[in-house]
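One structure is given below, encoded as structure tokens.
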Amino acid sequence: KRLRTERACAHHEHALARMEHRFAGLGPTGERYLDPEHPYAMHLDLFGRGSVFELFSRAQTRAGEDRLAAWLLAPANACELRARHEAVDELRSRLDLREDLAVLGPEIRHGVHPKPLVDWGTAPAQPHGPAVRGAAVTLAASSVIAIAAALLGASWLPVYVAIAAQSVFALIYHRRVESVLRAIDAPARDLAQLAALVLRVEREPVSAPRLLDLRAALETSGVPASRDLARLHRLVTLLDWRRNQLFAPISLLLLWGTQLAFTLEVWRARCGHQLAIWLEVLGELEALCDLAAHA
């Protein structure tokens, strides 16, 4: 709570500095976007210390900085500009939204790596059918029931049979499962923060057509992006349970990694291609909020 309060204070202190023209050196300079051959970028000081970009930009995601830079570097048609202006005008008074983005944003900047996440989401998914996923559940349940029965005095033979069948099943799908688990290990860290940021955006009431379009892009078949991201975060958290020494033997008995790998592939087949869109939506909203703050 203290950390977030400090971030909120820093957000408003930076805003005061911009209003008093003391912003040079306090924010991102955007020099990576500077092209010496661009017809006006250097003449108008779009990028660099004390530049237009540093004056405007408070974006916490790379997508937000990319979108603002793109708008500064290229013209847009009249319809596009009117749509942006209408959105900016509506966001002009949304101080709480901009403060919340500033408070939640640093965790996204430092914890979520967009490119690996998008690359993972857009890679071809190969989800197994309900029959295979059902077989994994059945085998795990059979092993648990057989062990429980044996501990109560029944024969241990069903235990050996169940574990043997489970082992054969795991061996058949081992290569595919390990590939899925290795692929998700790095990209999906700190998804809770990304889900929280998306949820904050979803909760903001909007009416401008451009903002309504952005809101609609944060849904997949009517399901909010925050809910899908929260589910992906839960799956990754459950996967981490395998690293617990006490739970590791149980996870083997439950085919824990195998079942989660199957579920992750189902998630990726349904939502993976949306990850890039969701990050772009956040980036555009951040760029609009930057202009709205200046307005």
Side-chain angles (χ1 to χ4, degrees), residues 1 3-8 10-11 28 57-68 91 94 96-123 125 180-206 211 213-241 260-261 263-290:
K1 184 177 180 180
L3 177 62
R4 292 190 172 187
T5 303
E6 290 172 349
R7 288 175 180 171
H11 167 71
S57 181
R58 293 295 293 150
Q60 297 296 332
T61 68
R62 180 64 177 264
E65 293 181 347
D66 289 348
R67 183 57 59 93
L68 178 61
L91 293 172
R94 306 295 177 88
D96 290 342
L97 173 62
R98 293 198 289 277
E99 180 181 316
D100 290 343
L101 292 179
V103 166
L104 292 170
E107 296 172 0
I108 306 300
R109 175 183 288 274
H110 300 300
V112 177
H113 305 289
K115 188 178 186 306
L117 187 60
V118 171
D119 289 345
W120 173 80
T122 54
V180 172
L181 300 185
R182 280 197 307 270
I184 192 60
D185 190 52
R189 300 297 155 194
D190 299 315
L191 284 167
Q193 289 85 354
L194 182 59
L197 185 62
V198 172
L199 179 61
R200 176 62 184 88
V201 170
E202 291 171 347
R203 287 178 172 174
E204 187 70 16
V206 295
L211 298 177
D213 289 343
L214 293 176
R215 170 72 60 77
L218 288 176
E219 292 186 0
T220 304
S221 303
V223 178
S226 59
R227 190 181 304 171
D228 282 325
L229 285 168
R231 174 169 169 75
L232 179 59
H233 175 253
R234 284 195 300 273
L235 292 174
V236 173
T237 300
L238 291 173
L239 190 60
D240 283 343
W241 288 8
L260 285 172
T263 307
L264 283 166
E265 284 297 87
V266 172
W267 190 98
R268 183 163 63 162
R270 178 179 174 273
C271 303
H273 62 286
Q274 293 291 104
L275 284 168
I277 296 174
W278 296 340
L279 291 170
E280 286 297 317
V281 167
L282 287 178
E284 178 158 345
L285 183 69
E286 283 190 305
L288 291 170
C289 282
D290 287 344

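By convention here, the first residue in the shown sequence is residue 1.
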Residues at least two apart in sequence or cross-chain that pass side-chain hydrogen bond (donor to acceptor under 3.5 Å, both in side chains) with E286, listed by chain then number, are T61
Between CG on residue L101 and CZ on residue R58, distance to nearest 0.5 Å: 11.0 Å
H233 NE2 to L235 CG distance, which is reported to the nearest 0.5 Å: 10.5 Å
Sequence neighbours excluded, the answer for side-chain contact (heavy atoms from CB on, under 4.5 Å) partners of A8 is E99, V103
What residues form a side-chain hydrogen bond (donor to acceptor under 3.5 Å, both in side chains) with E265, not counting sequence neighbours? R176, R268
Checking R67 now: which residues fulfil side-chain hydrogen bond (donor to acceptor under 3.5 Å, both in side chains) with it, not counting sequence neighbours? E280, E284
CG of L229 to CG of L199, rounded to nearest 0.5 Å, is 10.5 Å
With R215 via side-chain hydrogen bond (donor to acceptor under 3.5 Å, both in side chains) - residues at least two apart: none
Between A217 and V281, what is the shortest heavy-atom contact and its length? CB-CG2, 3.6 Å
The complete set of salt bridge (charged side-chain N to carboxylate O under 4.0 Å, His left out) pairs with one or both residues in residues 192-204, sequence neighbours excluded, reads R94-E204, D100-R200, R200-E204
Are W278 and V201 packed together at the side-chain level, in the sense that at least one heavy-atom pair is separated by less than 4.5 angstrom? no
Assess whether side-chain contact (heavy atoms from CB on, under 4.5 Å) is satisfied between L194 and L117, documenting all intermediate values. CA-CA 11 Å; L194 182 59; L117 187 60; 4.1 Å; yes
Between CD of E65 and CG of D290, what distance do you get to the nearest 0.5 Å? 9.0 Å
Heavy atoms of L275 and G121 approach each other most closely as CD1-CA, 3.9 Å
Those residues that, when tested against D213, pass salt bridge (Lys or Arg N to Asp or Glu O under 4.0 Å) (two or more places apart): none
Nearest heavy-atom approach of A195 to S226 is O-CB, 3.8 Å
Would you mind reporting whether T263 and L238 have side-chain heavy atoms less than 4.5 Å apart? no
State the CH2-NZ distance between W120 and K115, to the nearest 0.5 angstrom. 15.5 Å
Answer yes or no: does atom CH2 of W241 have more than 12 heavy-atom neighbours from other residues, nucleotides or ligands under 6.0 Å? no
I need the L211 CG to L285 CG distance, nearest 0.5 Å. 7.0 Å
Residue pairs involving residues 218-233 (criterion salt bridge (charged side-chain N to carboxylate O under 4.0 Å, His left out); sequence neighbours excluded): D228-R270
Those residues that, when tested against L181, pass side-chain contact (heavy atoms from CB on, under 4.5 Å) (two or more places apart): V177, E178, L239, R242, A261, L264
Where do V206 and L214 land on the side-chain contact (heavy atoms from CB on, under 4.5 Å) test, with the steps shown first? CA-CA 10 Å; V206 295; L214 293 176; over 6 Å; no
